[in-house]
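Fair warning: this is a prediction, and the values are worked out from it, not measured in the lab.
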Amino acid sequence: TVQDAKAGIDGRFVIQKLAAGRLADGAVSPLELVGQAQLAQPAVQAAIDLKSRLQLTLPAGEPARLGFEDLKLGVRGDAFGVRKLDARLEGTLTVDGASGALDARKLRLAVSGEREGLALADTKLAIHALTYEPARRALRLEALELQLAGRRAGDEVTKRELLLGLAKI
């Protein structure tokens, strides 16, 4: 059970499977998690599966730094107002707990779901590199590609592509 007023989370996570190698400072170990998110706030009823190689960095007296290599994260169910959500994220992701910084490489997101009459299917987002540093108020994005497909109120949305080839924003 999780009740975190500051983060706005209220509900529970049910872990059906958790397998990990050696979790120690600097060690890289396999990680597999299968479970369910049953949250009232935000509204989430979804199956979650995660596979990755996890690298922990544990600086003394500070929040951990988490590195996910070969990340495969899936979420299926109803979440954030989206019904029949099927989201899959793959790539490499590093999160610095102390600074809130985020570094992502070769991210690929595939999403299907329905919300307010819009049904997305086979929608994909690919990002070559993304760096976010909140202390510097800096965001760096390289090579974004977006493919949209779906329908809204009976109208077919043909596949649309937005490609920013090796552009730096």
*Minimum heavy-atom distance Gly113-Val82, with the two atoms named*: CA-CG1, 3.9 Å
*Measure the CG-CG distance between Leu33 and Leu73 for me, rounded to the nearest 0.5 Å.*
9.0 Å
*Joint hydrophobic cluster, Val44 plus Val75, side-chain heavy atoms closer than 4.5 Å*: no
*Identify the heavy atoms of Gln55 and Gly26 that sit nearest to each other, and give their distance.*
NE2-O, 3.4 Å
*Closest non-hydrogen atom pair between Phe80 and Pro42, with its separation*: CE2-CG, 3.5 Å
*Whether Arg108 side chain and Lys106 backbone form a donor-acceptor pair below 3.5 Å*: yes
*Hey, which of Leu71, Leu66, Leu18 is the one that makes side chain to side chain contact (heavy atoms under 4.5 Å, CB included) with Leu31?*
Leu18
*Report yes if some heavy atom in the side chain of Arg88 is under 4.5 Å from a heavy atom in the side chain of Asp86; otherwise report no.*
yes
*Reported CG-to-CG distance for the pair Leu141 and Leu139, which is rounded to 0.5 angstrom*: 6.5 Å
*Could you tell me whether a side-chain N or O of Ser52 sits under 3.5 Å from a main-chain N or O of Glu69, the two making a donor and an acceptor?*
yes
*Kindly give the heavy-atom pair with the smallest separation between Gly11 and Leu39, and that separation in Å.*
CA-CD2, 3.7 Å
*Would you confirm whether Thr123, through its side chain, and Ala149, through its main-chain N or O, come within 3.5 Å as a donor-acceptor pair?*
yes
*Answer yes or no: is there an ion pair linking Asp49 with Lys51, defined by an N-O contact shorter than 4.0 Å?*
no
*Measuring from Arg22:CZ to Leu56:CG, what's the distance to the nearest 0.5 Å?*
10.5 Å
*Taking Ser112 for its side chain and Ala121 for its backbone only, find out whether a donor-acceptor pair lies under 3.5 Å.*
no
*Leu109 side chain reached by Leu107 side chain, heavy atoms, under 4.5 Å*: no
*Does Leu125 reach the side chain of Leu144, with side-chain heavy atoms less than 4.5 Å apart?*
yes
*Pro63 to Ala98 - nearest heavy-atom pair and separation*: CB-N, 3.8 Å
*Determine, step by step, whether Asp10 and Val2 satisfy the side-chain contact (heavy atoms from CB on, under 4.5 Å) criterion, reporting the C-alpha distance in whole Å, the side-chain angles of both residues, the deciding distance to 0.1 Å, and the verdict.*
CA-CA 6 Å; Asp10 182 19; Val2 177; over 6 Å; no
*Could I get the full list of side chain to side chain donor-acceptor pair (under 3.5 Å) partners for Asp78, not counting sequence neighbours?*
none
*Could you walk me through whether Lys124 and Asp122 pass the salt bridge (charged side-chain N to carboxylate O under 4.0 Å, His left out) test, one step at a time?*
CA-CA 6 Å; Lys124 296 176 183 167; Asp122 197 29; 3.3 Å; yes
*In Å and rounded to the nearest 0.5 Å, what is the CG to OG1 distance from Leu102 to Thr94?*
8.0 Å
*Answer yes or no: is there a donor N or O on one side and an acceptor on the other, between the side chain of Ser99 and the main chain of Ala101, under 3.5 Å?*
yes
*Do other residues, nucleotides or ligands put more than 12 heavy atoms under 6.0 Å from Arg76 CZ?*
yes
*Separation of Glu145 CD from His128 NE2 (nearest 0.5 Å)*: 13.0 Å
*Taking side chain as C-beta onward, heavy atoms only, is Gln38 less than 4.5 Å from Gln45?*
yes
*Would one find more than 12 heavy atoms of other residues, nucleotides or ligands at under 6.0 Å from atom CD of Gln3?*
no
_Heavy-atom closest contact (Ala37 atom, Phe13 atom, distance)_ = CB-CE2, 3.7 Å
*ILVMFWY cluster, Ile15 and Leu54 together (side-chain gap under 4.5 Å)*: yes
*May I ask you to decide whether Lys72 forms a salt bridge with Glu90, counting only side-chain N to carboxylate O separations under 4.0 Å?*
no
*asked:* How long is the straight-line distance from CD of Glu114 back to CG of Leu85, given to the nearest 0.5 Å?
replied: 11.0 Å
_Any residue meeting salt bridge (charged side-chain N to carboxylate O under 4.0 Å, His left out) with Asp103, in chain and number order, not counting sequence neighbours_ = Arg105
